[in-house]
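Report on the structure given below.
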Protein chains: 2
Amino acid sequence: MNNSGLINKIATQLTQEILSGVITPGGHLVAQQIADKYRVSRTPARDALITLEKFDLLELQPYRGYFVTEDSPQSKARDLLKQLGSDKDYYFQLVDDWLSDDLPVTVTEQYLRNRYDLTKARLNDLLARAAREGWAEPKEGYGWSFLPVAKTTEAFEDIYRFRLAIEPAAMLEPGFEAKPKVLAELRRSQEKLLEVDLGNIPEQLLVSGSNFHEELIKLSNNNYFYSSLKRINQMRRLMEYRAEFHWERLIGECNQHLEIISHLESGEIIEASYLMRRHLQGALKRKTNTILEKNNT
Amino acid sequence: MNNSGLINKIATQLTQEILSGVITPGGHLVAQQIADKYRVSRTPARDALITLEKFDLLELQPYRGYFVTEDSPQSKARDLLKQLGSDKDYYFQLVDDWLSDDLPVTVTEQYLRNRYDLTKARLNDLLARAAREGWAEPKEGYGWSFLPVAKTTEAFEDIYRFRLAIEPAAMLEPGFEAKPKVLAELRRSQEKLLEVDLGNIPEQLLVSGSNFHEELIKLSNNNYFYSSLKRINQMRRLMEYRAEFHWERLIGECNQHLEIISHLESGEIIEASYLMRRHLQGALKRKTNTILEKNNT
DNA sequence: TATTGCACTTTAAAACATATAAATGCAATG
DNA sequence: CATTGCATTTATATGTTTTAAAGTGCAATA
């Protein structure tokens with residue numbers, strides 16, 4: 001077995017799903033199904049299963065399959081996660097350095113390779129990702145430029161005002177469909193957030209905020225709304241992952257999300273669109289205040 | 001001197017500027033200025049100048065500079081453009097194949113390299129660009145997926161409705177500044193379009209439509225509006241560059257653009273925003289009709 | 001004194017050989 | 001007969017060397 005990022009990623013995901021109870025003890029994990037889910041071949045899927053088996057999270061019944069161990073040992077799961085996650089994530093390193101003004105505006109690939117000790121291909125991935133997410137671009141000649149986005153309070157506000165322009169509008173698109181199934185799913189996940197002991201929640205669930213908005217805008221059936229929100233959310237996360245989390249705020253936002261869902265469920269799209277506007281306006285006000293406070297201390 | 005894409009690009013641009021009269025005969029082209037404009041070093045800028053000089057578009061006065069020849073020979077300029085442009089543009093080839101359903105949804109890099117006879121690095125550029133423009137993405141394992149965007153009438157409409165959501169809104173951003181200099185520049189370029197004999201115009205000027213909208217949205221001082229419009233315009237061009245051009249339409253659009261500029265110049269932002277909405281709605285209606293006609297023949 | 005001309009350095013792309021990871025087909029087994 | 005196990009094929013990454021392109025500093029000169 002090898003030690004690639006892909007196997008690592010799948011193993012991490014599976015472990016989190018076991019930890020959070022999405023996959024229940026005794027469950028049968030089939031390599032092919034996992035492969036399909038990630039749109040890869042069985043090989044990395046199987047290798048991920050083997051990884052989990054080594055940590056006693058799974059039991060192997062030869063030629064029958066991998067089954068989640070009945071007494072699912074949480075501590076081992078956490079050990080595994082720790083080990084898997086210990087891979088330095090150079091991307092976040094890069095982001096962090098850029099956000100904290102620790103990088104020149106333009107750099108050569110050489111410079112970055114030396115600084116982060118990366119191979120050409122890895123660096124390429126990194127830069128390609130940064131370019132896709134909109135904050136880096138190749139110069140015409142040699143080198144790359146980093147764009148001055150998302151670094152300041154204003155950038156936060158800009159993001160929220162952009163979302164104010166597109167999210168309520170997306171609901172009023174002619175193709176908008178309030179798919180009951182999607183709405184039910186969203187409702188479930190928001191309600192779950194309110195129920196759970198928040199202190200014990202895997203990070204994975206914390207994305208459900210962005211997720212809510214992205215799933216909702218997807219209902220517009222206009223891909224351009226969806227993809228631009230997705231892109232902007234990626235950038236927003238770059239900033240927010242560095243900030244501490246506000247639990248109280250999350251609860252308030254969940255309730256507003258649920259309200260929006262309710263309106264959509266009863267076909268009151270205009271009202272839902274209006275509430276979305278209010279919701280974002282509120283978030284804009286609060287975030288701005290918080291950041292200002294922080295900068296003043 | 002070498003034969004790279006960058007020199008080629010600069011040379012093309014310069015030739016077009018001479019052809020269209022942006023650069024007037026006798027004008028002095030300074031390598032450093034060109035270099036600055038493209039954010040590259042003097043080397044490729046200078047090489048581009050040498051290329052033009054070889055075609056008698058420029059006259060070299062040793063140690064003094066390159067000057068546009070007084071009798072600027074149009075035929076030679078066209079020859080040069082032809083020669084420079086004969087470089088196959090693999091990106092557009094790829095786009096074209098994808099838009100005409102001539103490519104599988106998922107492919108390996110190998111496949112693409114064979115099909116288009118590309119080196120690894122070139123293919124990488126290509127895919128990176130496609131990914132940035134939002135219609136290709138790497139699969140988790142090996143291979144790439146192409147996304148089904150911008151291929152149908154609906155996609156056209158989606159784009160215009162997205163623009164309806166952001167462009168008028170951008171004008172109402174708190175940071176919006178109706179910079180007189182920018183407005184004057186835009187006015188000039190739109191008026192020029194109306195003056196010129198359209199049949200004789202280099203393609204370069206045809207982008208001035210997108211350019212108008214992009215420069216305008218930039219005035220909002222909210223980068224997210226600008227960058228999402230830019231991205232969507234790139235995709236729109238992928239579709240439109242295959243369609244024949246409608247000159248009558250261009251004239252109408254220019255006039256509307258000028259009207260919007262007028263309002264901005266006299267500080268009537270709300271009116272300008274409203275006109276922008278009307279302008280886009282009109283374009284939406286017309287484009288949709290045209291495409292429908294085309295499909296019915 | 002601004003600009004070109006030119007030598008020289010740095011950067012990155014190409015080419016190729018090798019290593020690793022992923023895809024795939026089929027046998028083995030419960 | 002579904003699934004794993006495993007061997008084989010294919011695809012991509014890595015490392016090294018070579019080559020081409022771009023960046024840079026300074027002398028030359030109008």
Side-chain angles (χ1 to χ4, degrees), chain A residues 1-10 28-36 38-50 53 58-67 106-114 117-125 127 138-144, chain B residues 1-10 28-36 38-50 53 58-67 106-114 117-128 138-144:
Chain A
M1 198 180 78
N2 55 46
N3 188 30
S4 82
L6 181 50
I7 297 170
N8 212 297
K9 186 174 172 180
I10 297 174
H28 184 186
L29 294 183
V30 178
Q32 185 62 60
Q33 287 170 11
I34 296 168
D36 290 346
Y38 290 93
R39 310 214 305 154
V40 296
S41 73
R42 274 160 35 225
T43 309
R46 186 158 171 277
D47 289 344
L49 290 173
I50 292 173
E53 194 248 330
L58 300 180
E59 244 164 51
L60 170 59
Q61 300 184 17
Y63 289 105
R64 289 206 57 245
Y66 291 87
F67 298 85
T106 67
V107 294
T108 62
E109 295 184 4
Q110 260 339 306
Y111 173 85
L112 292 173
R113 283 185 64 183
N114 290 336
D117 189 34
L118 292 166
T119 67
K120 199 165 150 174
R122 272 194 189 291
L123 176 64
N124 235 315
D125 287 351
L127 290 173
K139 299 214 306 173
E140 295 279 357
Y142 291 151
W144 288 73
Chain B
M1 197 181 78
N2 55 49
N3 187 29
S4 81
L6 180 51
I7 297 171
N8 212 297
K9 187 173 170 180
I10 297 175
H28 185 186
L29 294 182
V30 178
Q32 185 63 58
Q33 287 171 10
I34 295 169
D36 290 346
Y38 290 93
R39 309 212 308 153
V40 297
S41 73
R42 273 161 33 224
T43 310
R46 186 157 173 277
D47 290 344
L49 290 174
I50 293 174
E53 194 249 329
L58 299 181
E59 245 165 51
L60 171 58
Q61 301 184 17
Y63 290 104
R64 290 206 55 243
Y66 291 88
F67 298 84
T106 68
V107 295
T108 63
E109 296 184 3
Q110 255 344 300
Y111 173 86
L112 293 173
R113 283 186 62 182
N114 289 336
D117 188 33
L118 292 166
T119 68
K120 200 165 149 176
R122 273 194 189 291
L123 176 63
N124 236 315
D125 288 350
L126 228 69
L127 290 172
K139 299 215 306 174
E140 296 277 358
Y142 290 153
W144 288 73

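A quick note: this is a predicted structure, and the numbers were derived from the prediction, not measured.
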Please check if atom CZ in R113(B) has more than 12 non-hydrogen atoms from other residues, nucleotides or ligands closer than 6.0 Å.
yes

Check whether any side-chain nitrogen or oxygen of S41(A) sits under 4.0 Å from OP1 or OP2 of dA23(C), and answer yes or no.
yes

Over how many whole Å does the gap from I10(B) atom CD1 to dA22(D) atom P extend?
8 Å

Return the CZ to CG distance between R122(B) and D117(B), rounded to the nearest 0.5 Å.
10.5 Å

Please name all residues satisfying salt bridge (Lys or Arg N to Asp or Glu O under 4.0 Å) with E140(A), sequence neighbours left out, ordered by chain then number.
K9(B)

Does dT14(D) have OP1 or OP2 sitting under 4.0 Å from an N or O in the side chain of T119(A)?
yes

Can you tell me if the side-chain N/O atoms of R122(B) get under 4.0 Å from OP1 or OP2 in dA14(C)?
yes

Closest approach to the side chain of R46(A), judged atom by atom: which nucleotide of dA13(C), dT4(D), dT14(D) is it?
dT4(D)

Can you tell me how far P of dG5(C) sits from CD of Q32(B), to the nearest Å?
14 Å

Do the side chains of L112(A) and L127(A) get nearer than 4.5 Å, heavy atoms only?
yes

Where the side chain of T108(B) is concerned, which of dA20(D), dA11(D), dA22(C) is the nearest nucleotide?
dA11(D)

If you look at every heavy atom in A35(B) and A45(B), which pair is closest and at what distance?
N-CB, 3.8 Å

Regarding the side chain of Y66(B), the nearest nucleotide among dA22(D), dA12(C), dG5(C) is dG5(C)

Taken to the nearest whole Å, CG/D47(A) to C1'/dT20(C) is 12 Å

Describe the nucleic acid contact of L29(B) in one word from base, sugar-phosphate, nothing, applying a heavy-atom distance below 4.0 Å.
sugar-phosphate

What are the two closest heavy atoms between G141(B) and L6(A), and how far apart are they?
CA-CD2, 3.8 Å

Assuming nearest nucleotide by heavy-atom distance, tell me which of Q110(B) and R113(A) is located more 5' along DNA chain D.
Q110(B)

Mind checking if A31(B) touches a base, just sugar-phosphate, or nothing, with heavy atoms under 4.0 Å?
sugar-phosphate

With axes from five pairs an end, tell me the bend angle of the helix from dT1(C)-dA30(D) to dG30(C)-dC1(D), nearest 10°.
40°

Ignoring hydrogens, what is the shortest heavy-atom contact between H28(B) and G65(B)? Give both atom names and the distance.
NE2-CA, 3.5 Å

Polar-atom pairs under 3.5 Å, protein N or O versus N or O of nucleotides 25-29 of chain D: list them with distances, or write none.
unit_1, atom_1, unit_2, atom_2, d
dG25(D), O6, R42(B), NH1, 3.3
dG25(D), O6, R42(B), NH2, 2.6

Assign each of N124(A) and R39(A) the nucleotide of DNA chain C bearing its closest heavy atom; nearer the 5' end lies the nucleotide of N124(A)

Rounding to 0.5 Å, atoms OG1 (T108(B)) and OH (Y142(B)) come to a distance of 11.0 Å

In whole angstrom, what separates K120(B)'s NZ from dT16(D)'s P?
15 Å

Return the value, rounded to whole Å, for the distance between atom OH of Y142(A) and atom P of dA20(D).
12 Å

Rounded off to whole Å, could you give me the CG-to-P distance for the L6(A) and dA21(C) pair?
11 Å

Which heavy atom of V107(A) sits nearest to which heavy atom of Y111(A), and what is that distance?
CG1-CD2, 3.7 Å

The side chain of T43(B) lies closest to which of these nucleotides: dT24(D), dA13(C), dA21(D)?
dT24(D)

E53(A) and L49(A), any side-chain heavy atoms less than 4.5 Å apart
no

Would you name the heavy atoms of W144(A) and K139(A) that are closest together and state the gap between them?
C-CG, 3.9 Å

To the nearest Å, how far apart are N114(A) CG and dT11(C) P?
9 Å

Heavy-atom nearest nucleotide on DNA chain D for R64(A) versus V40(B): which residue maps closer to 5'?
R64(A)

From C-beta outward on L60(A), which listed nucleotide comes closest to its side chain: dG5(D), dA22(C), dT14(D)?
dG5(D)

Rounded distance (Å) that lies between atom C1' of dT14(D) and atom CD of E109(B)
14 Å

